[in-house]
Amino acid sequence: WSHLARRDGVWQAIFSDYSQPADDKAIADIFRTTNDMVLENLIATKPEKHRTFEVDSAKGTVMKFFADGKAVSEYVVGKAGADFSHTYIRRLGADSVFMARGDFQRLFRRPPSDWVSKTIFMVDTSELASVRWINADGETRIERDPDGVWKAWRPGSTVGMPVDSA
């Protein structure tokens, strides 16, 4: 696992020997969360406290944001606060540890596979007329009738049953 980077306008999850398109929602969450981050309280100012709050290099998650090849923001995400609605944060290179409002661990401490897009294909669903899949039980299909109602046919059935289109 290496990093996330925008290449030709598309965010990519970059690994040591390959890259894949990144999950657009995960990328949007990073920027929304970072832009909305509020440091509420100064918790500690001594480097020996970094380990306690997991904002050290051993347990913290280092976040670095670059523009034009230069770091524009760097910080360490530490452990969750006792109420799990706050997270300890330290600016990289600084000694001060802050309590920030939000659960940043859930967002930033994801396994690498969570940053990769799970989208197989994209289609305008208003243009779809049917979907079919085949397995050991036979063919199942859903089709939109002329009135726009989706109906499902199970293997061996001769009558389609209306389905919830939500």
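Remark: V10 engages Q12 in a side chain to side chain contact (heavy atoms under 4.5 Å, CB included) (not counting sequence neighbours). With sequence neighbours left out, the ring pair (Phe, Tyr, Trp, His ring centres under 6.0 Å) criterion links Y18 to F15. Among residues two or more places apart in sequence or in another chain, the ring pair (Phe, Tyr, Trp, His ring centres under 6.0 Å) test is passed with Y88 by F53.
The local environment of NZ in K118 is crowded, with over 12 non-hydrogen atoms from other residues, nucleotides or ligands closer than 6.0 Å. Environment of CG in D124: crowded, with over 12 heavy atoms of neighbouring residues, nucleotides or ligands closer than 6.0 Å. Around CG of D17, the count of heavy atoms belonging to other residues, nucleotides or ligands within 6.0 Å exceeds 12.
Listed here is the closest heavy atom pair of T125 and R144: O-NH2, 2.9 Å. Residues E139 and R141 share a closest heavy-atom pair of OE2-CD, 4.1 Å. Here the closest non-hydrogen pair linking M37 and A100 is CG-CB, 4.1 Å.
Taking the side chain as every heavy atom from C-beta outward, D95 and R90 never approach each other to under 4.5 Å. For the pair I14/R7, a side-chain contact is recorded, criterion being any heavy-atom separation below 4.5 Å from C-beta on. Counting heavy atoms from C-beta outward, L39 and R91 have side chains that approach closer than 4.5 Å. In this structure the side chain of I30 reaches within 4.5 angstrom of the side chain of L4, judged on heavy atoms. Residues Y75 and F98 have side chains not in contact (no heavy-atom distance under 4.5 Å, counting atoms from C-beta outward). The side-chain heavy atoms of L92 and V76, taken from C-beta on, include a pair separated by under 4.5 Å. Between K64 and E74, some side-chain heavy-atom pair lies under the 4.5 Å cut-off. The shortest distance between side-chain heavy atoms of K25 and D23 falls below 4.5 Å.
V38 and F31 are not part of a single hydrophobic cluster, where members link through side-chain heavy atoms under 4.5 Å apart. Taking hydrophobic clusters as Ile, Leu, Val, Met, Phe, Trp and Tyr residues chained together by side-chain heavy-atom distances below 4.5 Å, V131 does not share a cluster with V159. Linking Ile, Leu, Val, Met, Phe, Trp and Tyr whenever their side-chain heavy atoms come within less than 4.5 Å leaves M99 and F104 in two separate clusters.
Remark: the backbone N or O of K59 is paired with a side-chain donor or acceptor of D56 at under 3.5 angstrom. Distance alone, capped at 3.5 Å, is enough to place a donor-acceptor pair between the T87 side chain and the G102 backbone. A donor-acceptor contact shorter than 3.5 Å links the side chain of K79 to the backbone of T52. The backbone N or O of K70 lies less than 3.5 Å from no partner atom in the side chain of D68, so there is not a single donor-acceptor pair. A side-chain donor-acceptor contact under 3.5 Å links N135 to the backbone of D137.
With no hydrogens or angles considered, a side-chain donor-acceptor pair links R109 and T61 at under 3.5 Å.
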